[in-house]
Structures are given as structure tokens and as C-alpha cells.
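Residue numbering restarts at 1 for every chain, and letters A, B, ... go by the order of the sequence lines. Both backbone and side-chain heavy atoms feed into the values below; hydrogens, waters and symmetry mates do not.
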Amino acid sequence: MTTKTLNIVIGGEAGQGLVTIGELLAKTLVECGYEIVVTQSYQSRVRGGHNTFTIRTSNAGLAAPQETIDLLIVMNEETVRLHREELSKNGLVVTDSSIKIDAIPCLGVPYGELTSRRHENVAALGVATFLLGLDKTVPAQVLERKFGKKGAEVMAENRKALDTAYQWTSDKLAQARPEALDFLKLPETKRQSPRLILNGNEALALGALSAGVKFCSFYPMTPATSIAVTINQYAAAMGVVVEQAEDEIAAINMAIGAAFAGAPSLVTTSGGGFALMTEGISLAGMTETPVVVMLGQRPGPATGLPTRTEQGDLELVLYAGHGDFPRAILAPGSVEECFHLAGKAFELAESSQGPVFLLTDQFLADSFRAVVPFNVDELCSVQTGTDPSPAQSPYRRYALTEDGVSPRLLPGFSRHLVIADSDEHDEDGHLTEDLEVRVRMVDKRMKKYARLKNEVIPPSYLGAEDPELLLVCWGSTQGSVVEAAGALESAGRKVGVLHFAQVWPLVAQHFVEYLNRARQVVAVESNATGQFARLLERATGLQIRRQILRYDGLPITPQTILAALKI
Amino acid sequence: MSTLQDFGQYETAWCPGCGNFAILQAVKKALVASGLSPHQLLFVSGIGQAAKTPHYLNANVFNGLHGRALPLATGAKLSNPALTVIVESGDGCNYGEGGNHFLAAIRRNINLTMLVHNNQVYGLTKGQASPTSQKGFVTKAQPGGVLAQPFSPLAVAVAMRAGFVARSFSGYEEHVTAMVTQAIAHQGFSLVDILHPCVSFNKLNTFTWYKERCEKLPDDYSPTDWEAAMKTAVKWGDTIPIGLIYKNEQPPYEENFPVLKKGPLAKQGVDKKALQDIFSRYL
Ligand SMILES: Cc1ncc(C[n+]2csc(CCOP(=O)(O)OP(=O)(O)O)c2C)c(N)n1
Ligand SMILES: [Mg+2]
């Protein structure tokens with residue numbers, strides 16, 4: 001089988017409907033059986049600005065974005081100016097015929113003649129369908145599903161725009177040098193059984209719903225907002241209370257209150273909002289209240305680059321909250337993993353009775369992928385609280401136990417009284433200044449790390465048994481690192497990839513061998529200082545000197561890595 | 001049903017003569033009058049001398065962070081509306097550190113009772129100005145006297161048309177009991193601002209100072225007249241009105257969530273059929 005991978009960029013101003021074309025095209029590609037990785041780039045404004053919706057597609061497996069552009073569909077002139085340097089050797093620009101472009105291969109489409117302004121999006125889809133050599137009936141079905149409910153007339157107009165543009169492209173290319181454009185034709189591929197198209201945030205939301213989230217509080221902040229908004233979309237059907245709080249401090253305290261009263265609880269935020277939550281995180285630690293925090297990272301400090309990506313908040317999350325208390329930090333590497341780790345986060349929060357964090361970033365949050373449907377019957381939801389019937393009176397919320405985890409009764413569900421305190425407290429939950437009790441209680445809480453460590457997800461390893469080069473990464477960069485490693489392998493090098501989907505706690509024996517065995521270790525991260533490399537050094541004593549760091553707000557691509565390694 | 005004994009008797013960390021004692025006693029009486037048992041109640045407090053009150057009675061308790069009692073209580077109420085939720089904390093905690101939450105709780109009209117022990121000073125931290133301290137009030141932290149205007153919680157609450165707005169004074173224990181009982185009965189957000197002396201750190205607003213000024217609202221006072229309530233709420237001088245200043249019946253916030261009609265969130269599992277339907281939207 002020949003493999004072909006293409007990168008399609010749709011660019012224009014916000015409000016020009018490029019996301020609509022992008023989503024329709026992405027759906028079409030997936031239904032035709034191709035893989036996709038979507039990267040969205042937008043500016044922090046409502047209208048105007050320069051925005052792109054990028055679909056990388058292939059008939060083979062795919063998990064990373066790409067820098068060069070094979071097909072550039074533009075809605076305005078600026079997009080051409082900004083991206084012409086990125087066009088690949090045969091790269092083609094598709095534009096409105098009124099836009100004059102010189103010195104690069106360009107297909108000017110007379111949208112005005114083919115269709116009405118409102119349907120230019122769909123016309124662009126028709127052009128792309130022809131250029132990519134896709135079965136024309138597929139986008140028609142995709143349109144049917146999107147617009148079918150709006151009535152026959154709306155559907156007919158859309159259908160007409162699609163067909164007319166498709167036919168126009170076909171006729172046009174029949175006249176002039178079609179071979180040059182053959183490289184845009186995707187090899188035929190087998191239709192697959194239906195797959196879900198999800199971005200990272202949707203996967204987190206669905207994962208949380210599957211796990212049984214019942215309370216979600218948030219304060220809007222890009223790129224995390226759509227997690228809560230997606231949950232809210234299904235709040236009535238799934239029985240969830242979603243509350244936009246007056247600020248992030250309120251959001252975390254609400255979630256703690258809801259969790260104390262028994263609801264599996266979630267807050268969603270980004271770095272700045274999370275910074276405000278930190279005292280609340282400490283409260284969850286002290287009161288041993290399960291709460292899940294999903295943090296979509298964007299570049300800081302302060303407001304930073306609101307709509308871009310970075311992995312710069314690892315240390316913030318690791319050290320957030322004053323005092324010592326246990327925590328776990330998950331960092332999914334793919335959209336599918338977003339779904340599964342959302343469930344894991346709720347489980348860990350409940351079993352360790354404390355805060356659990358899930359770190360993603362703008363790149364993964366907005367990145368659509370095709371995912372094999374989840375089997376509903378295999379999904380487990382979290383059970384909150386402990387059965388009150390065996391509890392002795394007076395119930396002691398913080399009873400000392402072997403592993404530090406005390407039976408957690410929920411207030412109001414029995415005659416037992418549940419007392420929680422942010423002050424240091426005794427087993428009964430009442431505040432104390434007895435310093436011996438203090439030590440016992442700190443030790444009790446820290447004991448819960450043993451349980452968390454037992455449940456740690458070990459890093460995944462991929463590659464040669466004894467690599468000369470080991471690439472270490474965490475979270476969303478996994479796809480790019482794996483693809484770069486593949487390219488290096490093809491060039492004859494022995495490479496391994498160690499990816500961490502859980503970055504805290506770290507169990508050194510899970511991975512220290514890999515670090516020791518490799519001739520050279522290189523850390524790959526989207527931040528300026530190698531925060532995860534530093535954490536690994538803390539856990540193992542091993543320093544990773546060579547680091548590939550990207551912090552311009554764009555995702556790490558295979559090219560980022562290969563260029564840094566001078567391949 | 002319950003009796004005073006059900007709510008227990010504990011040693012406290014308060015100074016002799018503190019107004020908190022009378023408030024604690026009044027709250028217990030109000031709970032008995034309301035027919036509530038300890039396990040049906042959730043007290044949520046912040047940090048301060050007032051915020052310790054829930055430790056001195058039998059109930060479910062979450063003693064949270066300074067200033068954050070209201071959002072925590074809101075989350076708990078939205079998680080289990082069957083709980084009678086009472087927020088109890090000081091003036092600094094509720095109006096200073098937690099000011100934004102005060103506004104938001106009124107706007108939501110969440111069904112909980114907010115008891116503010118207002119001694120016009122930060123007691124626990126040994127006597128700094130609070131948002132309700134009078135202009136010119138001298139403390140070690142404000143040696144030249146407080147420069148800012150005092151915050152008027154009642155005026156703000158009435159202006160925002162809060163559900164239930166009352167003031168009381170710890171010197172009139174029966175009055176406190178009555179106000180708290182009515183506040184608990186009110187379906188929606190209720191505020192009882194309870195003036196009380198801090199014998200250690202407020203030498204200006206003493207027991208006698210309050211006693212001389214606090215005056216019960218006349219029997220014919222109508223708490224549903226918003227304009228009259230506004231005038232009453234801003235009164236602060238030689239006489240300080242106490243009683244139910246404003247009342248406004250609106251559906252409480254939690255009634256907006258259909259899921260809560262099915263009971264507490266803790267008892268609601270995952271509807272796998274609904275979940276499957278949601279998944280298929282992404283096909
Ligand atoms: C975040 C935070 N800031 C400051 C404090 C210190 N602090 C504890 S109580 C308090 C003031 C309490 O005043 P008030 O709420 O009026 O209660 P009172 O002691 O007067 O009853 C302060 C500033 C704290 N515990 N947490
Ligand atoms: Mg005070």
C-alpha cells in the first residue's frame with residue numbers, strides 16, 4: 001500500500017466560516033476512511049484576525065501535525081501572504097478568482113458565479129472533494145446530516161453548491177495540466193466502521209460524563225471553556241449540575257462543597273484561573289475531598305497568548321497549594337487518551353480522597369481526531385462515599401487507618417455527622433492545635449501516596465530495545481515525537497520514545513532503566529525551561545541535558561524535532 | 001424533631017463576654033424551633049472567631065477557607081438540596097475576603113441561610129479593620145484610623161433585592177433566635193447580619209454602644225415594600241434598626257436544575273442509554 005499524507009490548511013478571518021468548511025471536510029475524510037489530525041490556530045478576538053483550520057490527513061495512521069502545506073484554501077488575500085512560504089513543492093492555493101496571486105500554483109474559483117455568498121463554504125468543500133479525489137457522495141451525506149433537519153430547501157441549496165463546485169473543478173482541470181495536481185489525490189482506502197470525531201476537550205467531557213461527573217463548576221477561560229460547555233450541553237440528559245461561578249476561587253470551592261456532599265465534581269480552567277484556585281486545591285488536600293481539575297494550558301505568564309498552546313503549567317500544578325498533601329497529575333497524549341484518563345482522574349480522586357489534575361493544552365483541546373467508538377458497557381462510573389451502615393458512633397471522618405484512607409461518609413445520608421475542617425483537625429474532624437495530632441494527621445495524609453503510586457500509569461515505551469537515542473516526552477506531544485522517531489528509524493537510527501501520560505507521582509523503577517540504557521536522552525517539551533526534565537531529575541537524580549523546547553505558542557511537530565536534531 | 005441537648009455543649013475558644021456565645025445559643029434554639037435534627041443540617045464556615053461556631057454544636061460541618069464559605073455552601077446545596085445549609089462566619093470573612101461571593105449568592109438566590117457575626121473588626125487576627133469598621137476606627141494596623149467608607153451589607157442586599165434581609169443584635173438573644181428561625185424557613189437566600197461586641201478588639205462598638213442604638217422595627221413595618229426597606233437598610237447612626245428589613249419571595253436557585261428534583265447527585269448513576277445517544281452524535 002502506498003501511503004500518502006497531505007496537509008490541508010483553510011485560512012481566513014474569524015467569522016468567514018472556515019471552521020465550517022474544516023469540520024465538513026474533516027468529517028468527509030474520516031467517513032471516506034482516512035485518518036485526520038486537526039490543528040486550530042486562532043487569535044484572541046471575535047471577528048477578523050488571522051485564523052486557520054488545518055487538517056492533516058493520511059490513508060495510514062497519523063497522530064501529529066505538520067508544518068508544510070499541500071493544499072491551502074484561502075478566504076482572503078492575507079492568508080496567502082502569511083502562508084506562501086510554507087507551501088510544499090507542489091503545494092496548491094485555492095482561492096476566489098477575484099484574488100490575484102502570482103508566482104505560485106493557484107486555482108482561482110469564481111465562487112460568485114457558482115453559488116451565493118452564503119454557500120461559498122460548501123462550494124469550497126466541493127472543490128476540495130474533487131482535488132483530493134474523494135467519493136462525491138460522502139460530503140453529500142455529511143451535508144445531509146448537518147443541514148437535513150433544516151428542511152429540503154436548505155439542503156437542496158447546499159447540495160447544489162457542492163455539486164456545482166465539484167463539476168466546475170472537474171471541467172476546469174480537464175482542460176489544463178491535471179497531472180501537476182495528481183499529488184493531491186489521496187490513495188483509495190477502505191471505509192472503516194463508523195468512528196467518532198472528537199477533539200480533546202470533547203473527549204474529556206465525554207470521559208467525565210462516562211465516569212459519572214455530577215457537578216461541574218467553571219469560570220470561562222480559553223482553551224478549557226468548551227469542556228464545561230460540552231458537559232452542559234448534556235447536563236439534562238445525564239443529570240449534571242453545571243455552574244458558571246463568579247470567579248475561579250468560587251469554582252473550586254463550589255466543587256469541593258459539591259464533592260463533600262457526594263457529587264463526583266470537576267472544575268475546568270487554564271493556567272491563570274488555576275493560579276486563583278490554588279488555596280482551594282490545598283483545601284481539597286487538607287479536607288481529603290475528591291475533586292478533579294482539568295487544566296487546558298496556554299502560554300503564560302499572566303494572560304500570555306490566550307489562544308495558543310504550551311506545556312508551561314506543569315510546575316504550577318505540581319506545586320499548587322501550600323503545605324504537603326498528595327496529588328496525581330495525568331497528561332493524555334491523544335484524544336482517545338483524554339477520554340480514558342478523564343475516567344481515571346475521577347477514580348483516583350475518589351480512591352485517594354484528594355485533588356487529581358488532568359493537564360492538556362490548546363493544541364490537544366482543539367485537535368479533532370477519528371476515534372473508534374467506546375463501548376458503553378465496558379465503562380465504569382465512580383462510586384462516591386462509603387456505606388454508612390458499619391460506621392460506629394460517633395463517626396470519625398479522619399479515622400486513622402493503615403493506608404491513610406478513612407471511610408468517607410456523606411453528610412445527610414445517615415444520622416452520622418460528618419465534620420471537615422481546613423484547620424488541622426483530629427480524627428473527628430474538629431480543629432486542633434495538638435502538635436502530636438498534627439504529625440499523625442500529616443503522616444496519614446501522606447500515606448495515601450502509596451495508594452496513588454500503586455495506581456500510577458507507567459510511561460509507554462516504543463522503539464528499539466537498546467536505542468542510541470531516547471526521546472522523552474509527556475502529554476500532547478506524543479504523536480509528534482513518535483512520528484519523528486519513525487523518520488529517524490527510517491534514516492537508519494535506533495530510536496526509542498518514552499511517553500508519560502501520568503507525570504506525578506513518578507515511580508522511578510518504571511522507567512529509570514530506559515534512561516540509563518540509551519546512549520543519548522533528549523527531552524521534548526512545549527515550554528521554555530524543560531519543566532518535565534527537571535521533574536524527572538528530581539525523581540531519578542538523572543539530568544537530561546539535551547532538550548528540544550518550543551514555546552512560540554505553536555504545537556511541537558515532527559519537523560520541530562527533526563530540525564532540532566539536524567536531520 | 002430535636003431538643004437543645006441534641007446540639008451539645010462544647011468548650012469554646014472565645015473570650016469571656018464575647019457576643020458569639022449568645023449567637024450560638026440563639027442558633028441552637030432556632031434549630032430546635034425549626035424542628036431540625038443535627039444530621040439534616042450542614043454548617044459551612046470560613047475562618048475567624050465567628051467561623052468556629054459550627055464546631056460548638058452538633059451538625060454536619062465544613063469549616064472551609066477564609067472568605068469562601070458561600071461558594072462551598074452553594075456547591076453543597078446544589079449537590080444535595082435536602083440539606084439545610086447554614087453559612088456562619090464573620091464580617092471580615094463574608095464581606096471582605098468573600099465579597100464577590102456575597103454578591104453572587106444574592107443574585108443566585110440559592111436557598112441557604114447566611115449568618116454574619118458582625119463585630120466590625122477582625123477578631124481572630126487581633127484587631128485590624130474590617131469592611132464594616134467605622135471611618136476613623138483606630139487599630140494597630142490603622143493607627144490613623146480607618147480611611148475608607150464602611151460597607152453596608154444590608155443596603156447592598158436590599159438594593160439587589162435579596163430574598164430575606166435581616167439584622168439582629170447579640171444582646172437580644174430572643175430576637176436573634178426569631179430572625180434565624182425565619183431565615184431558615186425562608187425558601188431562598190437569607191441574610192441575618194448579627195451585630196455583636198468584640199470585647200478584646202473593638203472598644204468603640206461595645207455592648208452598650210449597640211444596646212443604646214439598636215431598635216426593633218415597629219410592628220406595622222412592611223418588609224415587602226422595597227423603597228421603605230432601602231431607607232431602613234441605610235439607617236446607621238443614633239438608631240440602628242433591627243428586624244426583618246426586606247423580604248422577597250422568588251423561586252430558589254436549585255429549582256432551576258431538573259436533575260435535583262430526582263434527589264441528591266450522589267445517588268444518581270450514569271444513564272448508559274443517554275450516554276450511548278451522546279456518543280452517536282459524534283459519529
Ligand atoms: C486567605 C487568608 N487570608 C487571611 C487569613 C487570616 N485571617 C483569619 S481570620 C481573619 C479575619 C477574621 O475576621 P472576621 O471574619 O470578622 O471574624 P472574627 O474573628 O472577627 O469573628 C483573617 C484576616 C486567612 N486565614 N486566610
Ligand atoms: Mg469580625
Side-chain angles (χ1 to χ4, degrees), chain A residues 194-198 202 206 209-212 214-215 217 234-241 243 245-247 249-251 253-263 265 279-280 283 287 373-374 376-377 379 381 384-385 410-423 429-431, chain B residues 10 13 37-42 44 46-47 52 54-55 58-80 82-83 100-101 103-104 107-108 254 257-260 262 264-280 282-283:
Chain A
R195 288 173 296 165
L196 308 176
I197 301 179
L198 294 173
E202 287 168 342
L206 298 192
L209 288 169
S210 308
K214 289 290 158 201
F215 186 88
S217 45
Y234 307 121
M238 295 298 292
V240 187
V241 171
E243 181 65 2
E246 54 271 28
D247 54 37
I249 299 174
N253 280 280
M254 278 183 190
I256 292 170
F260 174 70
S265 298
E279 194 192 12
L283 177 67
T287 57
F374 311 108
V376 170
D377 298 321
L379 299 170
S381 56
T384 55
L410 306 175
F413 287 92
S414 70
R415 298 195 77 84
H416 294 295
L417 301 180
V418 187
I419 294 140
D421 197 347
S422 73
D423 293 90
H430 285 297
L431 66 89
Chain B
Y10 294 84
S37 299
H39 72 280
Q40 298 172 305
L41 287 157
L42 172 62
V44 181
I47 298 298
K52 291 176 182 169
H55 285 286
N58 293 328
N60 295 296
V61 177
F62 198 112
N63 182 184
L65 296 171
H66 185 50
R68 313 305 167 194
L70 274 175
L72 200 134
T74 302
K77 184 74 184 176
L78 291 177
S79 177
N80 185 357
L83 290 167
N100 193 23
H101 312 312
L103 302 182
R107 285 185 50 226
R108 287 192 181 96
E254 58 278 14
F257 298 87
V259 53
L260 294 177
K262 290 184 254 164
L265 295 176
K267 292 291 169 219
Q268 302 187 26
V270 171
D271 179 342
K272 293 222 165 168
K273 204 192 147 291
L275 190 61
Q276 183 67 66
D277 288 347
I278 291 167
F279 287 168
S280 27
Y282 294 89
L283 280 173

Max heavy-atom pair count under 4.5 Å with chain B, selected residue of [options]:
options                                : answer
A:Ala237, A:Ala211, A:Ser210           : A:Ser210
A:Gly280, A:Gly239, A:Gly212           : A:Gly239
A:Val418, A:Leu209, A:Thr287, A:Ile197 : A:Val418
A:Asp247, A:Asp423, A:Leu410           : A:Asp247

Q | Minimum side-chain heavy-atom gap A:Phe413-B:Pro264 below 4.5 Å | A | yes
Q. Side chains of A:Ile249 and B:Asn100: does their closest heavy-atom pair fall under 4.5 Å?
A. no
Q: Walk me through it: do A:Phe260 and B:Leu72 pass the test side chain to side chain contact (heavy atoms under 4.5 Å, CB included)?
A: CA-CA 9 Å; A:Phe260 174 70; B:Leu72 200 134; 5.5 Å; no
Counting only non-hydrogen atoms closer than 4.5 Å, does [X] touch chain A with its backbone (N, CA, C, O), its side chain (CB onward), both, or neither?
X        : value
B:Gln40  : neither
B:Pro258 : neither
B:Lys267 : side chain
B:Leu41  : neither
B:Lys52  : side chain

Q | Closest-packed option against chain A by number of heavy-atom pairs under 4.5 Å, given B:Asp277, B:Leu65, B:Asp271, B:Ile278 | A | B:Leu65
Q) What pairs with B:Phe279 under ring-ring contact (aromatic ring centres under 6.0 Å, His included), at least two apart in sequence or on another chain? A)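 Once residues adjacent in sequence are excluded, the partners of B:Phe279 under the ring-ring contact (aromatic ring centres under 6.0 Å, His included) criterion are A:Phe339, A:Phe374.
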(Q) Quick check on side-chain contact (heavy atoms from CB on, under 4.5 Å): which of A:Asn253, A:Ile256, A:Ile419 does B:Phe62 satisfy it with? (A)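 Among A:Asn253, A:Ile256, A:Ile419, the one meeting side-chain contact (heavy atoms from CB on, under 4.5 Å) with B:Phe62 is A:Ile256.
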Q) If you measure from CG on B:Leu260 to NZ on A:Lys214, what distance do you get to the nearest 0.5 Å? A)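 Going from CG on B:Leu260 over to NZ on A:Lys214, the span is 11.0 Å.
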Q: Identify, with sequence neighbours excluded, every residue that meets side chain to side chain contact (heavy atoms under 4.5 Å, CB included) alongside A:Pro373.
A: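 Testing A:Pro373 for side chain to side chain contact (heavy atoms under 4.5 Å, CB included), a comparison that skips the adjacent residues, returns A:Leu196, B:Leu283.
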So which heavy atom on [X] is nearest to which on [Y], and how close?
X        : Y        : answer
A:Met238 : B:Val270 : CE-CG1, 3.8 Å
B:Ser79  : A:Ala258 : OG-O, 2.9 Å
A:Ser422 : B:Gly64  : OG-O, 2.7 Å
B:Leu83  : A:Gly412 : CD2-CA, 3.8 Å
B:Asn60  : A:His416 : OD1-O, 3.7 Å
A:Leu417 : B:Ala59  : CD1-N, 3.5 Å

Q: Specify whether A:His430 and B:Tyr10 have parallel, tilted or perpendicular ring planes, treating 30° as the upper limit for parallel and 60° as the lower limit for perpendicular.
A: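 Tilted, since the angle between the ring planes falls between 30° and 60°.
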Q: With salt bridge (Lys or Arg N to Asp or Glu O under 4.0 Å) as the test, would you mind laying out the steps for B:Arg107 and A:Glu246 before giving the verdict?
A: CA-CA 10 Å; B:Arg107 285 185 50 226; A:Glu246 54 271 28; over 6 Å; no
Q) Looking only at side chains, do A:Asp421 and B:His55 share a donor and an acceptor under 3.5 Å apart? A)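 Yes, side-chain donor-acceptor contact under 3.5 Å.
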